[in-house]
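What follows is one structure encoded as structure tokens, with my remarks underneath.
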Amino acid sequence: MATSERYTHGHHESVLRTHSWRTVDNSAAYLAPHLTRGSLVLDVGSGPGTITIDIAQRVFPGSVIGMDASADVCVQASTLARDSDVLNVDFVAGDAYALDYPDNTFDIVHAHQVLQHVGDPVAVLREMRRVVKPGGIVAARDVIYGAASWYPLLPGLDTWMRVYQSVARSNAGEPDAGRSLKAWALDAGFTEVESTASIWCFSNDRDRDWWGSAWAVRALESSFAPQSIETGAATQADLEEISAAWTAWVGDPRGWYAMPHGEILARK
């Protein structure tokens with residue numbers, strides 16, 4: 001594991017709010033046809049658990065384990081599952097580099113927006129491959145930040161992209177991970193890898209408010225803010241410019257933003 005590895009986003013309320021929007025339909029549609037009833041699934045880096053719980057509902061009476069590095073986030077996800085009456089899912093704290101399961105355990109091992117944050121994604125994929133059954137699927141989806149596009153062309157959003165890329169890499173991550181997933185999977189020992197792409201697009205008033213308002217807060221209050229300053233990627237004035245730009249983007253009815261993602265289905 002890279003010694004400088006650190007999670008860029010942290011677990012501020014504004015971060016969990018955006019992550020809690022995620023479902024199978026908007027974040028794992030490429031995997032949906034393979035979520036068959038009775039399957040045993042491991043969700044690596046499950047975060048607030050919304051995708052995990054959705055998977056559990058689809059594979060019932062199969063079962064799902066959501067694993068995350070943050071024990072506190074696992075508690076929140078467990079509460080959400082109970083409140084949603086989804087009983088075939090458990091959330092546990094763990095390490096993606098050393099999954100606490102025997103070889104050949106799961107039908108599917110899934111990771112959404114995880115590999116961009118680890119220092120050695122090939123090692124994580126090897127570990128995911130170890131615990132999936134022969135013939136099973138390792139599925140991963142990650143953004144390609146450098147290919148994101150938006151309108152209007154606000155200078156503050158250019159600053160945001162520059163700072164985000166710098167901070168993510170200083171944390172040993174790869175913010176353009178989506179374009180490398182296929183190559184990493186092959187390096188991890190897979191020989192059968194299906195690779196696709198999909199896009200998040202935020203344009204209507206509700207979606208702009210959901211994404212942009214969260215980032216207006218994240219720029220100043222989440223872990224991204226002190227990390228930006230500590231690493232020399234930004235000044236406080238830069239962060240205030242970024243926050244103001246996201247607020248302006250939310251308020252502009254012409255606002256449009258697209259984030260492309262790479263996806264893989266790798267069979268053992």
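Only heavy atoms go into these numbers, but all of them, side chains included; no hydrogens, no water, no symmetry mates. Throughout, residue positions are numbered sequentially from 1 according to the sequence presented. Remember, it's a predicted structure, so these values are computed and weren't measured experimentally.
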Has [X] got a side-chain atom pairing as donor or acceptor with [Y]'s backbone, closer than 3.5 angstrom?
| X | Y | result |
| --- | --- | --- |
| Y97 | D120 | yes |
| S84 | L80 | yes |
| R130 | Y101 | yes |
| T105 | P102 | yes |
| D68 | C74 | no |
| S166 | R162 | no |
| W200 | N26 | yes |
| D176 | Y145 | yes |
| S39 | L35 | no |

Can you confirm whether more than 12 heavy atoms, excluding those of [X], are under 6.0 Å from its [atom1] atom?
| X | atom1 | result |
| --- | --- | --- |
| R206 | CZ | no |
| F60 | CZ | no |
| K268 | NZ | yes |

Report yes if the side chains of [X] and [Y] come closer than 4.5 Å at any heavy-atom pair, otherwise no.
| X | Y | value |
| --- | --- | --- |
| R169 | Y164 | no |
| N88 | Q57 | no |
| M67 | L99 | yes |
| L181 | L115 | yes |
| L220 | Q236 | yes |
| D238 | E241 | yes |
| L31 | V24 | no |
| Q76 | P48 | no |

Ring centres under 6.0 angstrom apart ([X], [Y]):
| X | Y | answer |
| --- | --- | --- |
| Y257 | W215 | no |
| W256 | Y151 | no |
| W160 | W246 | yes |

Will you find, in the side chains of [X] and [Y], an N or O donor that is under 3.5 Å from an N or O acceptor?
| X | Y | answer |
| --- | --- | --- |
| Q227 | S170 | no |
| R267 | T191 | no |
| Q113 | H261 | yes |

### Task
Would you please classify the geometry between the Y30 ring and the H110 ring as parallel, tilted or perpendicular, with 30° and 60° separating the classes?
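Plane angle between 30° and 60°, so tilted.
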### Query
Would a hydrophobic clustering, with Ile, Leu, Val, Met, Phe, Trp and Tyr connected at side-chain separations under 4.5 Å, put F224 with W211?
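Per the 4.5 Å side-chain linkage, F224 and W211 are co-clustered.
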### Message
Show the nearest heavy-atom pair for residues A111 and M128, with the distance to one decimal.
### Response
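Where A111 meets M128 most closely, the heavy atoms are CB-CE, 3.8 Å.
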### Query
Which atom names give the shortest non-hydrogen contact between V73 and G47, and what distance separates them?
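Scanning both residues, the minimum pair turns out to be CG1-O, 3.1 Å.
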If you measure from [atom1] on [X] to [atom2] on [Y], what distance do you get to the nearest 0.5 Å?
| X | Y | atom1 | atom2 | answer |
| --- | --- | --- | --- | --- |
| T50 | I55 | OG1 | CD1 | 9.5 Å |
| R179 | I144 | CZ | CD1 | 7.5 Å |
| T196 | R141 | OG1 | CZ | 9.0 Å |
| L154 | D252 | CG | CG | 7.5 Å |
| I51 | S46 | CD1 | OG | 9.5 Å |
| K182 | L265 | NZ | CG | 12.5 Å |

### Query
Taking V89 as the fixed residue, which of V41, V59, V64 is the one that meets the side-chain contact (heavy atoms from CB on, under 4.5 Å) rule?
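Considering V41, V59, V64, a side-chain contact (heavy atoms from CB on, under 4.5 Å) with V89 is found only for V64.
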### Query
Cation-pi between R129 and F190: NZ/CZ under 6.0 Å from ring centre and within 45° of the ring axis?
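Positive - R129 is close enough to the ring of F190 and near enough to its axis.
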### Task
Before accepting this row, confirm whether a basic side-chain N of the pair D205/R208 lies closer than 4.0 Å to the acidic partner's carboxylate O.
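Salt bridge: yes.
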### Query
Salt bridge check: are D25 and R58 linked by an N-O gap of less than 4.0 Å?
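The answer is yes: the pair qualifies as a salt bridge.
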